[in-house]
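Before any comments, here is the structure.
Position 1 is the first residue of the sequence; numbering continues from there.
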Amino acid sequence: VEIPYRKQDGTIGWIELHRQPELDPKTGEVIRVYGVGRNISNRKAAEAQAEVIALQQGRLRLIQEFVHAISHDFRTSLSNVETHRYLIERKTADHGINLSSNLDIVQLYIKRMTRQLDGMTEIAEISDIMTQKTSIEDLFQHVNLLYSSAAKAKQIELDTRLPTNDLALWIDANKVRQAICRLVENAITYTPEGGSITLDVRDTPESTIIRLTDDGEGIPPEHLTRIFDLFYRVDTSRNVHTGGVGIGLSLVRFVMQAHKGDVNVTSEPGKGSQFELVFPKTHIRTEVTPVIEPSLPNEYEAHPS
């Protein structure tokens with residue numbers, strides 16, 4: 001077996017342990033067990049470097065896949081822009097015609113293409129992970145600051161629940177924040193007025209899990225295996241008017257893969273969805289600081305008057 005351990009400088013080392021039992025030739029029972037351990041930290045470091053190289057190669061393949069997929073989507077968008085541009089050009093010949101509806105459509109597609117370009121930039125930079133100690137409380141406060149107004153506009157309760165103890169992860173704060181924001185945006189879009197969205201965290205011996213739960217529309221079972229695919233949309237009839245371009249959930253998956261983590265989803269139509277960002281402790285360092293309650297003064301203690 002390979003066993004990780006934490007060095008004094010905070011880095012992770014590895015020991016490879018071999019065990020061999022010695023059996024009683026008469027009874028077949030174990031008499032004793034011999035064990036040999038050897039330090040394989042250097043080998044693990046080399047394997048980690050190989051993983052980095054493989055990640056870079058995967059990034060190139062991802063960019064190629066992204067370019068091929070987005071080129072088709074851009075052509076559709078640009079075709080619509082050109083059609084309405086032509087209509088505007090024709091109508092400008094006649095004075096007194098209201099062009100607002102055509103101009104609104106042009107503006108809608110411009111915003112759509114801008115979001116696509118933003119997604120391209122974010123995905124292209126995912127493999128450049130810069131880890132730092134990140135407070136879960138800071139992440140949740142940032143989400144509240146960004147989306148509390150949008151939630152209130154739909155009369156949705158956005159509830160962020162912090163752990164009992166101070167919890168920090170060594171992650172790329174900006175990229176994980178992007179992933180959480182994409183989940184919150186998605187939840188606000190598909191949660192009806194009067195609904196609720198909950199963001200909380202659960203810490204286990206194996207992993208730290210950030211969870212987002214909503215009581216929105218839910219996702220049909222046949223779509224659950226594909227919702228993280230690039231440009232995949234559950235409801236294609238809403239993709240323009242809701243602003244969705246099929247990048248958000250793909251970005252979430254790529255961010256978690258870059259952190260050697262995972263994203264899970266459970267959902268039922270009409271009953272909402274739950275997304276889990278799973279950060280395994282074998283790869284992601286976690287720090288839990290117990291919150292110390294301030295002690296009250298002893299009622300019998302003498303105080304100067």
**Request:** Evaluate the side chain to side chain donor-acceptor pair (under 3.5 Å) criterion for residues Ser41 and Asn39: first the C-alpha distance (whole Å), next the side-chain angles of each, then the deciding distance (0.1 Å), finally the verdict.
**Result:** CA-CA 6 Å; Ser41 299; Asn39 195 320; 2.7 Å; yes
**Request:** Could you check Ser196 against Asp215 for side chain to side chain donor-acceptor pair (under 3.5 Å), going step by step and ending with a plain yes or no?
**Result:** CA-CA 6 Å; Ser196 64; Asp215 55 3; 3.3 Å; yes
**Request:** Walk me through it: do Leu87 and His84 pass the test side chain to side chain contact (heavy atoms under 4.5 Å, CB included)?
**Result:** CA-CA 5 Å; Leu87 293 175; His84 290 282; 4.1 Å; yes
**Request:** Could you check Phe140 against Ile210 for side chain to side chain contact (heavy atoms under 4.5 Å, CB included), going step by step and ending with a plain yes or no?
**Result:** CA-CA 10 Å; Phe140 284 12; Ile210 296 177; 4.1 Å; yes
**Check against side chain to side chain contact (heavy atoms under 4.5 Å, CB included), Val265 and Phe228** = CA-CA 10 Å; Val265 57; Phe228 297 107; 3.9 Å; yes
**Prompt:** Please walk me through it: do Leu277 and Val263 pass side chain to side chain contact (heavy atoms under 4.5 Å, CB included)?
**Reply:** CA-CA 5 Å; Leu277 305 182; Val263 53; 3.9 Å; yes
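Among the candidates His283, Arg285, His259, the single residue satisfying the side-chain contact (heavy atoms from CB on, under 4.5 Å) test with Trp170 is Arg285.
Heavy-atom minimum distance, Ile188 versus Ala151: CD1-N, 4.3 Å. Across all their heavy atoms, Tyr5 and Trp14 have their closest contact at CE2-N, 3.4 Å. Summarising the geometry of Ser207 relative to Pro280, their closest heavy-atom pair is CB-CA, 3.9 Å, with the distance given to 0.1 Å. Contact record, Ile156 with Thr191: CD1-O, 3.5 Å, taken as the closest heavy-atom pair. The minimum heavy-atom distance between Ser267 and Ile219, with the atom names listed, is OG-N, 2.7 Å. Taking all atoms of both residues into account, the shortest heavy-atom contact from Pro221 to Pro269 is CD-CG, 4.2 Å.
Within 6.0 Å of atom CD in Glu29, 12 or fewer heavy atoms from other residues, nucleotides or ligands are found, so the atom counts as exposed in its surroundings. Residue-environment remark: CG (Asn42) stays at or below the threshold of 12 foreign heavy atoms within 6.0 Å. No more than 12 heavy atoms of other residues, nucleotides or ligands sit less than 6.0 Å from atom CZ of Arg19. Few gaps surround NZ on Lys154; more than 12 heavy atoms of other groups in view lie less than 6.0 Å from it.
Applying the salt bridge (Lys or Arg N to Asp or Glu O under 4.0 Å) rule to Asp262 yields no partners; only residues at least two apart in sequence or on another chain are considered. Taking Gln132 as the reference, Thr134, Ala173 meet the side-chain contact (heavy atoms from CB on, under 4.5 Å) condition, with sequence neighbours excluded.
Using a 3.5 Å distance cut-off with no hydrogens or angles, the side chains of Thr11 and Asp9 do pair a donor with an acceptor.
The distance from atom OG1 of Thr83 to atom OH of Tyr109, rounded to the nearest 0.5 Å, is 9.0 Å. Within the model, atoms CD of Glu206 and OG1 of Thr282 stand 10.0 Å from one another, a figure rounded to the nearest 0.5 Å. Distance check: Leu158 CG to Asp214 CG gives 11.0 Å after rounding to the nearest 0.5 Å. Distance check: Arg32 CZ to Asp24 CG gives 10.0 Å after rounding to the nearest 0.5 Å. For the atom pair Ile180 CD1 and Leu212 CG, the distance stands at 9.0 Å (nearest 0.5 Å). Rounded to the nearest 0.5 Å, atoms NZ (Lys44) and CD (Glu16) are 9.0 Å apart.
Residues Ile3 and Ile12 do not share a hydrophobic cluster, clusters being chains of Ile/Leu/Val/Met/Phe/Trp/Tyr side chains in contact below 4.5 Å. Put simply, Ile209 and Leu167 are part of two different groups of oily side chains (I, L, V, M, F, W, Y) that touch within less than 4.5 Å, one to the next. Both Leu169 and Leu162 belong to a common hydrophobic cluster when Ile, Leu, Val, Met, Phe, Trp and Tyr are linked at side-chain heavy-atom distances under 4.5 angstrom. Leu251 and Leu224 fall within a single hydrophobic cluster, where Ile, Leu, Val, Met, Phe, Trp and Tyr are joined by side-chain heavy atoms under 4.5 Å apart, directly or via other members. Grouping the Ile, Leu, Val, Met, Phe, Trp and Tyr side chains by contacts below 4.5 angstrom, directly or via other members, places Leu139 with Leu199.
Tyr147 is not listed as a side-chain neighbour of Ile197, based on a closest heavy-atom distance of 4.5 Å or more. Residues Asp138 and Gln141 have side chains in contact (heavy-atom distance under 4.5 Å, counting atoms from C-beta outward). At least one side-chain heavy atom of Phe279 sits less than 4.5 Å from a side-chain heavy atom of Met256. Side-chain contact between Thr208 and Val278 is absent, with no heavy atoms from C-beta onward closer than 4.5 Å.
The pair Asp203-Lys281 meets the salt-bridge criterion, since a charged nitrogen lies less than 4.0 angstrom from a carboxylate oxygen. A salt bridge links Arg161 to Asp159: at least one charged side-chain nitrogen sits closer than 4.0 Å to a carboxylate oxygen.
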